[in-house]
2 protein chains.
Amino acid sequence: MIQKPATIKEIAKRLNVSISTVSRALHDHPGIGLRTKMRVQQIAAELNYVPNQAAISFKQGKTKTVGVILPNFNEDFFSIAITAIEDMTQSNGYTVLIGQSHDNTEREKTIVATMQKHRVDGVLVSLSKNTTDFTPFEQLMANGIPVVFFDRIPNQLDAYTVSCDLSKATEQLVDLLVAQKHKRIGFINGPESMASFKEREEGFRESVKKHKLSEKDITVVSTDLTKEQTTTAIKQLLDKKDRPTAVIAFNDYVALEAIKFTREQGLKINEDISFVSYANLPITTYLEQGLLASVEQFPYEQAEKATEILFTILDEKEDTSALQKNYVFQAEVVMH
Amino acid sequence: MIQKPATIKEIAKRLNVSISTVSRALHDHPGIGLRTKMRVQQIAAELNYVPNQAAISFKQGKTKTVGVILPNFNEDFFSIAITAIEDMTQSNGYTVLIGQSHDNTEREKTIVATMQKHRVDGVLVSLSKNTTDFTPFEQLMANGIPVVFFDRIPNQLDAYTVSCDLSKATEQLVDLLVAQKHKRIGFINGPESMASFKEREEGFRESVKKHKLSEKDITVVSTDLTKEQTTTAIKQLLDKKDRPTAVIAFNDYVALEAIKFTREQGLKINEDISFVSYANLPITTYLEQGLLASVEQFPYEQAEKATEILFTILDEKEDTSALQKNYVFQAEVVMH
DNA sequence: CTGTTAGCGCCTTCAG
DNA sequence: CTGAAGGCGCTAACAG
């Protein structure tokens with residue numbers, strides 16, 4: 001038997017009291033007779049009363065809802081991030097409205113519009129890989145909807161950001177390889193549009209200089225993260241006459257693909273050639289001959305911090321002027 | 001400069017027309033002067049007008065929002081499912097409100113309550129692994145919020161379900177092993193509370209009978225899906241004096257763990273012992289010595305179908321009486 | 001073609 | 001301690 005959800009009005013009618021009394025009773029308002037309060041709460045329970053958040057949102061101008069815009073949920077890094085966000089919001093009484101851009105700027109725009117329509121109280125974003133126009137987000141902020149970016153953050157926008165710096169960790173990756181007597185090193189970088197491209201590049205260059213590696217022993221190639229280009233990239237490295245004995249891959253997915261290809265060429269992983277990479281996906285630890293190390297980028301922590309910042313902004317009692325605008329984690333090399 | 005979002009009222013004031021004119025103009029209502037319509041739409045654009053969904057939801061009693069309750073986003077199967085749901089809802093103008101139960105019945109209840117509060121138009125659920133009390137969901141349905149379960153569906157509830165039958169595929173798994181001359185087979189099943197437990201069990205029994213395998217060559221153990229219990233389970237199998245030469249694992253995560261342990265015992269995968277399992281996670285194909293096969297359970301398709309069913313119910317023009325209540329996919333064995 | 005108005009459920013100020 | 005009433009933004013029925 002389907003019935004419409006109960007309202008305070010109904011409860012009021014049943015008890016012959018006013019709706020304001022009911023409202024107050026349900027909120028443990030001081031100055032309501034204990035007796036009435038009990039009666040109200042009992043009937044509410046009986047009728048299965050659940051306050052209508054849509055009405056409350058409308059009335060209060062707050063939806064108790066946070067928007068999350070990510071490239072793709074179906075990628076460990078981001079699904080871990082979502083988990084973090086949802087864990088945090090759940091305990092703060094907020095709910096999460098999601099949208100995935102699929103690394104498509106147009107879709108990203110549409111999603112922003114949807115969030116705006118729904119009047120989410122704030123938005124957490126990890127940008128699509130080729131977003132360069134930030135006006136949709138500026139629009140949000142102009143309308144009083146705070147935005148916090150994490151991991152894939154905008155390079156030229158005055159906004160709250162949480163990110164993970166890879167340059168130092170990249171240096172350490174090279175240090176590690178050099179310490180293990182590797183001299184010829186290959187490097188598979190990613191799309192230039194991503195902020196982390198430069199961090200990897202710089203860290204790598206820095207360490208190459210530090211260790212006085214010869215330029216001819218260094219090969220840098222790149223991939224747009226598709227399997228095809230990744231295969232092309234690793235092929236380029238393996239085809240060199242002085243093949244590198246170690247490869248730094250853009251991330252674990254790239255590394256897995258590269259390792260697979262390398263194995264298929266009859267080379268022995270960790271004998272003929274070793275791999276290190278970024279992301280530190282749990283899954284990579286199950287390989288028999290896998291990565292020497294991977295760089296932990298703290299998806300959970302980044303997302304958690306971003307959410308925390310958002311809540312500080314939303315919590316109007318807090319003073320946001322003291323809030324640090326750009327929070328940076330340091331990535332860490334994890335040995336496997 | 002932060003400003004409050006514009007309302008139709010403001011647009012109306014600017015143009016000295018009534019709010020209903022504005023409302024109609026914005027909705028391309030027939031019978032509004034082309035001139036006025038244009039003027040309204042122009043001002044709306046100028047003021048950056050975005051309709052307040054909270055107000056609309058309140059007024060219409062429809063939130064254009066779908067709730068999704070899953071055990072854990074951070075598990076490939078479910079993150080793929082979310083992707084499917086979000087892809088579908090996005091193109092239908094709906095938004096997704098998420099909640100993860102972390103396989104905890106209490107949290108699941110809380111999430112249901114939140115969804116109810118938010119008056120989502122419908123809910124998609126994959127149950128927590130030990131949910132046996134379905135009253136929260138019955139409550140939802142009683143309040144007119146349709147619920148569609150998928151994959152982890154309730155066993156004793158008259159409700160819309162989409163699932164993937166594993167019994168047939170489990171039989172084929174055994175067929176496959178027998179064809180490869182395996183006689184001693186170990187089977188790691190999961191928690192009994194899950195509907196698929198029985199499907200695996202039955203399929204297995206069926207095939208054991210079919211192939212006339214001797215009972216003493218068959219060993220069935222189980223895990224609650226924690227690493228510890230999985231390790232205990234595989235240990236039990238390996239410790240038998242006539243160790244199985246093939247193992248069917250509850251799913252790929254269990255398999256990965258079991259394979260790792262087995263390797264650490266000095267056994268050679270695919271020589272001393274082979275593994276097959278369920279879920280067919282992309283990741284398992286990167287192992288050098290990995291699974292012989294895995295059972296595809298179609299997370300994307302299941303979630304898509306569930307969403308489709310939900311939309312048919314929500315679309316009141318459709319006749320739901322013709323709707324099939326329990327949709328079943330057949331799982332498929334995929335060779336690796 | 002356009003304006004007026006009621007009301008969705010709830011909170012909150014103002015009166016008793 | 002409790003009641004009455006206004007209003008949040010929007011839609012839709014009714015009236016011009």
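Each chain gets a letter, A, B and so on, in the order its sequence line appears, and its residues count up from 1.
Here C:dT2 is the nucleotide among C:dT2, D:dC8, D:dC10 with the atom lying nearest to any side-chain atom of B:Thr36. With C:dC10, C:dC8, C:dG3 as the choices, the nucleotide that has an atom nearest any side-chain atom of B:Ser20 turns out to be C:dG3. Of the candidates C:dC10, C:dT4, D:dT11, the closest approach to any side-chain atom of A:Ile19 belongs to C:dC10. The side chain of B:Lys9 sits closest to D:dC8 out of D:dC8, C:dC10, C:dT12. Distances were taken from every side-chain heavy atom of A:Arg24 (C-beta onward) to each of C:dC14, D:dC14, C:dC10; the shortest belongs to C:dC14. Closest approach to the B:Ile56 side chain among D:dT11, C:dC10, D:dT2 is made by D:dT11 (side chain taken as heavy atoms from C-beta onward). Proximity note for A:Tyr49 (side chain, C-beta onward) versus D:dA4, C:dC10, D:dT11: the nearest is C:dC10.
Counting heavy atoms of neighbouring residues, nucleotides and ligands inside a 6.0 Å radius, atom NZ of B:Lys325 exceeds 12 of them. Residue B:Arg14 places its CZ atom among 12 or fewer non-hydrogen atoms of other residues, nucleotides or ligands, all under 6.0 Å distant.
Here the P atom of nucleotide C:dT12 and the CD atom of A:Gln60 are 5 Å apart, to the nearest Å. Whole-Å rounding puts the A:Arg119 CZ to D:dC10 C1' distance at 11 Å. Between the CG atom of B:Asp28 and the P atom of C:dC1 there is a distance of 14 Å, given to the nearest Å. In this structure, A:Asn52 atom CG and C:dC8 atom C1' are separated by 9 Å, rounded to whole Å. Rounded to an integer number of Å, the gap from NZ of A:Lys37 to P of D:dC1 is 10 Å. Distance NZ (A:Lys13) to P (C:dC10): 13 Å, rounded to an integer number of Å. Rounded to whole Å, atom P of C:dG9 lies 17 Å from atom NZ of B:Lys117. Rounded to an integer number of Å, the gap from A:Lys62 NZ to C:dC11 C1' is 15 Å.
A:Asp87 has its side chain within reach of B:His102: a pair of non-hydrogen atoms, C-beta onward, lies under 4.5 Å apart. Taking the side chain as every heavy atom from C-beta outward, A:Lys64 and A:Ile56 never approach each other to under 4.5 Å. Side-chain atoms of A:Val50 and B:Gln139, non-hydrogen and from C-beta on, never get closer than 4.5 Å to each other. Under the 4.5 Å side-chain criterion, counting only non-hydrogen atoms from C-beta, A:Val17 is in contact with A:Val22.
Using a 4.0 Å cut-off between a side-chain N of Lys or Arg and a carboxylate O of Asp or Glu, B:Lys13 and B:Glu10 do not qualify as a salt bridge.
The shortest distance between the side-chain N/O atoms of A:Ser23 and the OP1/OP2 oxygens of C:dC10 is not below 4.0 Å. Neither OP1 nor OP2 of C:dT2 sits under 4.0 Å from any side-chain N or O of B:Thr21.
For the pair A:Phe58 and B:Leu34, both in contact range of DNA chain C, the more 5′-proximal nearest nucleotide belongs to B:Leu34.
The rotation axes computed at either terminus of the helix from C:dC1-D:dG16 to C:dG16-D:dC1 lie 50° apart, taking five pairs at each end and rounding to 10 degrees.
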